[in-house]
Amino acid sequence: MKFLRPITITSLVISVAFVVAACQRGQDGRTAGDGRHHGRGMDFSDVKFPIAKADLITRMNTRMRQRCASRDAQAQQPGRGIDCSTLEAGIAKCTMAAAIPDSIADQDAARDAGRSYFQCVRQQ
């Protein structure tokens, strides 16, 4: 009986830790609606619209290259993300071929253009 109480307390503490962690993940997921897309997408809150196609593509290419360079090669898992050589090949092909209007009027249009550009780059 003496061991039952510490085991119960430990179980409760671990349960609370899991609940807190789950709540934190839920709150992080709610910020996706503000343009951050779980930390993986582009945030256009600092962009003055309208923005030219070339400027938008330059911003997206810079962001993708930064993410690729920051990833540790040993930590990359097959099927997760895009490797840097594939990224560069996709950028070379899609910079001119992407179906993006010459001028992007607002954040929603920028997100749509970015989404189609990223899909083009990833298909390489």
Side-chain angles (χ1 to χ4, degrees):
M1 287 292 181
K2 290 182 181 183
F3 295 109
L4 186 60
R5 185 174 178 153
I7 291 172
T8 304
I9 292 172
T10 303
S11 298
L12 287 172
V13 169
I14 291 172
S15 298
V16 169
F18 282 126
V19 169
V20 169
C23 288
Q24 290 294 333
R25 277 182 279 187
Q27 289 175 354
D28 291 344
R30 285 188 204 115
T31 62
D34 65 3
R36 291 192 180 96
H37 192 4
H38 297 278
R40 294 185 305 236
M42 294 291 294
D43 181 13
F44 297 105
S45 62
D46 63 337
V47 176
K48 292 184 181 184
F49 290 98
I51 185 171
K53 173 182 178 176
D55 293 336
L56 181 72
I57 288 176
T58 299
R59 289 175 71 92
M60 290 187 292
N61 288 345
T62 301
R63 173 76 172 135
M64 287 188 292
R65 286 178 175 131
Q66 287 171 345
R67 287 186 58 124
C68 185
S70 70
R71 281 188 278 163
D72 183 10
Q74 295 173 350
Q76 290 181 3
Q77 298 175 1
R80 299 206 50 167
I82 185 171
D83 64 58
C84 294
S85 61
T86 304
L87 172 69
E88 289 301 327
I91 287 173
K93 177 186 174 235
C94 296
T95 296
M96 299 309 264
I100 299 175
D102 290 332
S103 179
I104 291 89
D106 57 20
Q107 286 187 12
D108 291 333
R111 280 190 211 97
D112 290 341
R115 193 173 302 115
S116 66
Y117 182 71
F118 287 137
Q119 287 174 349
C120 179
V121 170
R122 287 184 191 126
Q123 291 177 354
Q124 295 306 304

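This structure is a prediction, so every number in the text was calculated from the model and none was measured.
- Taken from CG in N61 to SG in C68, the straight-line distance is 12.0 Å, to the nearest 0.5 Å.
- Checked against side chain to side chain donor-acceptor pair (under 3.5 Å), D102 has no partners two or more places apart in sequence or in another chain.
- The OG atom of S45 lies 6.5 Å from the CD atom of Q107; values are rounded to the nearest 0.5 Å.
- Between M60 and V121 there is no side-chain heavy-atom pair separated by less than 4.5 Å.
- With sequence neighbours excluded, the residues that form a side chain to side chain donor-acceptor pair (under 3.5 Å) with D112 are R115.
- Shown here are the side chain to side chain donor-acceptor pair (under 3.5 Å) partners of S85, two or more places apart in sequence or in another chain: D83.
- Looking at residues two or more places apart in sequence or on another chain, you find a salt bridge (Lys or Arg N to Asp or Glu O under 4.0 Å) between D108 and R111.
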Quiz prompt | Intermediate values then yes/no, side chain to side chain contact (heavy atoms under 4.5 Å, CB included), Q66 and T62 | solution = CA-CA 6 Å; Q66 287 171 345; T62 301; 3.7 Å; yes
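- Taking all atoms of both residues into account, the shortest heavy-atom contact from A105 to A109 is N-CB, 4.3 Å.
- In terms of the side-chain contact (heavy atoms from CB on, under 4.5 Å) criterion, residue partners of A110 (sequence neighbours excluded) are, by chain and number, F44, F49, L56, I104.
- Considering every non-hydrogen atom in both D43 and R59, the closest pair reads O-NH2, 4.3 Å.
- For D106, there are no side chain to side chain donor-acceptor pair (under 3.5 Å) partners at least two apart in sequence or on another chain.
- To the nearest 0.5 Å, the span separating NZ on K53 from OH on Y117 amounts to 9.5 Å.
- When all heavy atoms are compared, the tightest approach of P50 to S103 is CB-OG, 3.5 Å.
- Between I91 and R65 there is a side-chain heavy-atom pair separated by less than 4.5 Å.
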